[in-house]
Amino acid sequence: MKRTFRTALPLAASLASAALLLTACGEGAKGSAGSVGGGPVKVGLITKTDTNPFFVKMKEGAEASAKKSGAELSTAAGKFDGDNEGQVTAIENMVAAGVKGILITPNDSKAIVPAIQQARKKGVLVIALDSPTDPQDAADALFATDNLKAGELIGRYARAAMEGRPAKIATLDLAPGVAVGQLRHDGFLKGYGIKGGDPAVACSQDTGGDQAKGQTAMENCLQKAPDINLVYTINEPAALGAYTALKAKGREKDVLIVSVDGGCTGTEAVKSGKIAATSQQYPLLMAAKGVEAVVSYAKDGTKASGYVDTGVNLITDKAASGVSAKDTAYGLENCWG
C-alpha cells in the first residue's frame, strides 16, 4: 500500500535529558545540495514523543528529505506528551551541535518560547510543525494542518449527515490550553453552525487523545445525557474509545461519530463504519517541507516565514450533500501509522 505522506507536568532537567532520544542520519557530501562550506547542513527535528504514529511518520518524512538533499538530520523526543523540559534540553543540545534549523512540534506552546527565542538569537531557523507556538510568531514559521479548517470540515459534514434532526452533541476534546485541540473544537462548532455554550452540546470531556480515556469520557457523557446522537472527537483513538462505550450500550449504530487526524487505523475505522468521517492531515509533508526550508536557509539565507498550510481532506464513504470529500481508498493511500 502506497503512503504519501499527531499532551503533564515537566520533568526535572536531568530526567528530561535521560528521556530524550537523540539520533543523527543523512550523509552530506561536499558540494551536495544540502552542503554549505564543505559540510552537510545540520537540521534538528524535535517531536512530542517518538511513539505516536503521527510523529513516526513525521520523522520518516524528515529522514527522506534529509537524505534527498544531503543534509544531516538529528532527532529528539520527550518521554511523554507534555514534556516541555525535554524539548528545551533538545533545543539547547542541537544549537550546541551547530544545527542551522530546528523543526519542532511544541508540547507547551507558551513554555517553549524562551528556548526558541534563544535559538533564533544564535541564527537558528525555527519552524513549528503541526502545533503553533503561542504567540505564533515566536517561531520563524509554522508548517501545519489548518486545524480550524479540519474541525470546520467535520462539523459541516456532521450537520449535513444529521439531515435536520435535533442534535445532542458530545465533544471529546484534547486538554485545556492546547492549541491544536482548541482549534479543532472551535472549527467543529463553526462548521456545525453553533457557538460555545450552545445547549445542543450536552457534554464535553477531555481525553488527551487517548483511546481508554475516550471510552471513559463517552461513558460519562452517556450517564449525563443518554440521548446523545452525535459525537465529535479530537482524534481517532478517542473516537474508537467512544465507539466501544456506545457499543456496550447498544448505541453504536444510531450515534454519528466524526473525528480528525486521518491515521491508517482511523481511516480503516471509517471504512468499516465505526467512524462516519474524519479530516485527514499529512505529517510527512510537514517535515519534508521543513527540512527543505532549512536547507534553503543555509544555502542562500532565504527564511521561511508565516504559515504554510500542508493540507487537509475530509475522508468518508458516506457522502453528505454539499460537503466535498474523498473516499477511504484515497485515505488509505495517504494515511500514516
Side-chain angles (χ1 to χ4, degrees), residues 6-28 34-52 54-56 58-63 65-67 69-134 138-143 283 286-288 290-295 297-298 303-304:
R6 50 222 137 122
T7 73
L9 295 172
L11 293 176
S14 58
L15 180 57
S17 298
L20 291 174
L21 299 175
L22 273 151
T23 60
C25 65
E27 297 180 1
S35 300
V36 174
V41 175
K42 294 181 178 181
V43 184
L45 171 67
I46 304 170
T47 54
K48 293 180 181 180
T49 71
D50 63 352
T51 54
N52 187 312
F54 185 90
F55 299 126
V56 172
M58 186 175 281
K59 183 177 176 181
E60 288 176 10
E63 289 172 340
S65 185
K67 183 177 181 179
S69 66
E72 179 182 303
L73 179 71
S74 295
T75 64
K79 187 177 180 181
F80 58 89
D81 279 336
D83 181 12
N84 181 68
E85 289 299 321
Q87 291 195 320
V88 169
T89 300
I91 290 173
E92 293 170 348
N93 290 343
M94 288 178 177
V95 171
V99 297
K100 196 65 178 176
I102 292 174
L103 315 174
I104 183 168
T105 60
N107 265 319
D108 189 313
S109 298
K110 289 185 178 181
I112 199 64
V113 167
I116 288 176
Q117 291 174 331
Q118 288 301 312
R120 292 179 68 189
K121 285 179 181 178
K122 295 181 179 180
V124 177
L125 179 71
V126 180
I127 299 174
L129 304 181
D130 181 52
S131 304
T133 53
D134 185 4
D140 289 288
L142 169 65
F143 290 12
M286 295 176 197
V291 171
E292 292 171 5
V294 174
V295 171
Y297 172 59
K303 270 192 175 184

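Just the heavy atoms: all of them, side chains too, but no hydrogens, waters or symmetry mates, feed the values below. None of the values given here were measured: they were computed from a predicted structure. Sequential numbering from 1 along the given sequence is applied to the chain's residues.
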| Asp81 CG to Thr47 OG1 distance, which is reported to the nearest 0.5 Å |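 Separation between the atoms: 9.5 Å.
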| request: Measure the CE-OG1 distance between Met286 and Thr105 for me, rounded to the nearest 0.5 Å. | output: 10.0 Å
| Run the side chain to side chain contact (heavy atoms under 4.5 Å, CB included) check on Lys42 and Lys100 step by step: do they pass? | CA-CA 6 Å; Lys42 294 181 178 181; Lys100 196 65 178 176; 5.7 Å; no
| Where do Leu45 and Leu129 land on the side chain to side chain contact (heavy atoms under 4.5 Å, CB included) test, with the steps shown first? | CA-CA 9 Å; Leu45 171 67; Leu129 304 181; 3.8 Å; yes
| query | Passes side chain to side chain contact (heavy atoms under 4.5 Å, CB included), Glu292 versus Ser65? Steps please. | reply | CA-CA 7 Å; Glu292 292 171 5; Ser65 185; 3.7 Å; yes
| field | Charged tip of Lys48 within 45° of Phe55 ring normal and under 6.0 Å | value |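 No, Lys48 does not sit over the ring of Phe55.
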Which atom pair, heavy atoms only, marks the closest approach of [X] to [Y]?
{"X": "Ala90", "Y": "Ala76", "answer": "CB-CB, 3.7 Å"}
{"X": "Arg120", "Y": "Asp140", "answer": "NH2-OD1, 3.0 Å"}
{"X": "Ile116", "Y": "Ala139", "answer": "CG2-CA, 4.3 Å"}
{"X": "Ala71", "Y": "Val295", "answer": "CB-CG2, 4.0 Å"}
{"X": "Asn84", "Y": "Ala111", "answer": "ND2-CB, 3.5 Å"}
{"X": "Gly290", "Y": "Ile127", "answer": "O-CD1, 4.1 Å"}

| query | Going by an N to O cut-off under 4.0 Å, is there a salt bridge joining Asp50 and Lys59? | reply |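 The answer is no: the pair does not qualify as a salt bridge.
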| query | So, the side chain of Gln87 versus the backbone of Asn107: is there a donor-acceptor pair under 3.5 Å, distance only? | reply |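 Yes, the answer is positive, given that a donor and an acceptor are paired below the 3.5 Å cut-off.
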Side chain to side chain, [X] and [Y], heavy atoms closer than 4.5 Å:
{"X": "Thr133", "Y": "Val126", "answer": "no"}
{"X": "Gln118", "Y": "Val95", "answer": "no"}
{"X": "Met58", "Y": "Asp130", "answer": "yes"}

| query | Does the pair Val291 and Leu103 meet the rule for a side chain to side chain contact (heavy atoms under 4.5 Å, CB included), with working shown? | reply | CA-CA 8 Å; Val291 171; Leu103 315 174; 3.9 Å; yes
